[in-house]
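Here's the structure, in structure tokens; my notes come after.
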Amino acid sequence: MKSIANPRSIELLDALQAVVASSLLDIAGGFSALLQPLIGHTALVIFTEDCTGRPQKKAGDPAIIDEVTLLELDAVRRSLNTEAADPWGLRAVIGGTDRPITAWLAGTGALLVLTDPELTPAGRADPESTLALVGRLWQLVATSIRQQVAAAAPAYLLDSRAASAERAKLIADLTDAHSTALESVLAVLRSPTVSAEAARQTATDLAASAMVSLRAVSDRDRSLAEEPVGAAFARLRDDLRPLVRFGDLDVQFVDPPANGRALPGEVAHAGRAIVRGAVLALVEQAGVSRVRVQWDCDGSNLLIQIRDDGAGNLTADSPGVGPLTARVAALGGTFGVQATAGWGSELAVSLPLDAPLVPLAPAAEWGLSPREQGVLALVASGARNKAIAAELSISENTVKFHVANLLRKVGASTRAELASLAR
């Protein structure tokens, strides 16, 4: 019998299967290893809005992946959107350094960047086919990322929410600090006592440009961290459209208030996944022809109601219902099932929009003094040194001393890592 696939193709497919089956935290490393025999690279960076908590997936040289920013990746993505350019031969600032890159944009909107790319002997045999192959592999991996996020395990939801909260706090601190500094520079340079008009004008333009870039980072992060409730519900409609288009099910949607509070990304993703799972569980019952989906937002919680017109015998133990409770619990929400014989079943879900406060790790594990415990609690709450000093009636220099000791005892390298470990 004649073989229809050569060993190299089978090996590539096996490697791709391993990549798409890996966790969201490991997918960049696996994909980098898969691509190295085709295109050598110093780092692989993925930028996807599907993962709100950790939009970057990175592997490779720490000097690059530790320094790459969302603003840099967004600039690359904009260039790919506006230029019908070959993915090869590009340059961009990545990790603070202008360097050669090759990049692809998937149909999901996710971006793949390889830094310092070099075709291997295998890749140089047919460069055009190699680049096309990598582009198609990236489409599959990007689709896998979206599907994994949609069906994310409770542990990933918890990790993503923690990452989002920490990132938002750091961005807020960064924005405040740099805005104050830049506004002070502008005030000095605009002073009428300064005689070097040309220098003042140049410096003013540079400082103003820096402020615009800083605000762009903050706005970009906010767009990743939150979804307007109306936009999130519109995406849910799109997700459920195949059931309406290709089945006999009548899905009715009750729109949320247009001015409702924006949803944290994890809540929006989890809400859509819960509704999809609930609708599939409801339609598995005999006699269900209509499902009504309603979202609301009371300012503190996303409220979801899904009701069918079936026999009214659904329970929490019904097939497909049990897994939904774990998703809800991961975000600190509530889940209820109510069924009325002859009138149908209703699922009610409430997901809090704000992450609950979590207790600090036992201080005894780190051998902290009572004063260090007090400082650690305030650091974990997001307080800065000045506020900590005022709260504990000590000097800022003393606070710095205690924070340095905490970093050493806990084994953290940054203040953000210290706060994260404390939780």
Side-chain angles (χ1 to χ4, degrees), residues 23-24 52-53 147-162 227 229 232-233 235-237 239-244 247-256 260 263-358:
S23 72
L24 290 168
T52 56
Q147 290 173 344
Q148 284 199 58
V149 172
Y156 179 80
L157 293 175
L158 288 171
D159 176 78
S160 184
R161 164 158 267 187
E227 284 189 51
V229 64
F233 194 72
R235 288 185 63 179
L236 174 64
R237 286 177 181 265
D239 289 347
L240 294 178
R241 184 171 291 131
L243 286 175
V244 179
D248 297 327
L249 184 66
D250 177 18
V251 181
Q252 301 174 349
F253 298 94
V254 180
D255 291 329
L263 305 179
E266 300 78 27
V267 174
H269 280 297
R272 286 190 291 266
I274 289 166
V275 171
R276 288 194 299 269
V279 169
L280 292 175
L282 292 174
V283 300
E284 285 296 318
Q285 305 173 97
V288 173
S289 61
R290 184 172 64 252
V291 173
R292 181 174 181 267
V293 178
Q294 180 175 2
W295 275 20
D296 201 352
C297 186
D298 63 4
S300 299
N301 302 277
L302 172 62
L303 307 175
I304 302 173
Q305 288 186 320
I306 311 108
R307 183 176 179 83
D308 68 19
D309 62 348
N313 53 15
L314 194 73
T315 69
D317 298 323
S318 297
V321 176
L324 301 179
T325 61
R327 284 180 172 276
V328 176
L331 293 177
T334 60
F335 184 92
V337 181
Q338 185 175 357
T340 304
W343 289 90
S345 303
E346 181 176 319
L347 303 179
V349 178
S350 175
L351 299 176
L353 303 185
D354 297 311
L357 295 176
V358 294

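- For T340, the side-chain hydrogen bond (donor to acceptor under 3.5 Å, both in side chains) criterion is met by no residue, not counting sequence neighbours.
- Of all heavy-atom pairs spanning S350 and L303, the tightest one is OG-CD2, 3.6 Å.
- Contact annotation: the side chain of L324 never approaches that of V349 to less than 4.5 Å [non-hydrogen atoms, C-beta and beyond].
- Judged as a salt bridge (charged side-chain N to carboxylate O under 4.0 Å, His left out), the pairs with a partner in residues 288-302 (not counting sequence neighbours) are, in order, R290-D309.
- Q285 pairs by the side-chain hydrogen bond (donor to acceptor under 3.5 Å, both in side chains) definition with D308, not counting sequence neighbours.
- Of all non-hydrogen atoms in L282 and S345, the two that sit nearest each other are CD2-CB, 4.5 Å.
- Residues A278 and I306 come closest through the heavy atom pair CB-CD1, 4.0 Å.
- To the nearest 0.5 Å, atom CG of residue L351 and atom CH2 of residue W295 are 8.5 Å apart.
- Expressed to the nearest 0.5 Å, how far CD of Q338 lies from CZ of R307 amounts to 8.0 Å.
- Considering all non-hydrogen atoms of both residues, D255 and F233 come closest at OD1-CE2, 3.2 Å.
- Rounded to the nearest 0.5 angstrom, L236 CG and R276 CZ are separated by 7.5 Å.
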Report task. For L353 and C297, run side chain to side chain contact (heavy atoms under 4.5 Å, CB included): C-alpha distance rounded to whole Å, both residues' side-chain angles, the deciding distance at 0.1 Å, then the answer. Result -> CA-CA 9 Å; L353 303 185; C297 186; 3.7 Å; yes

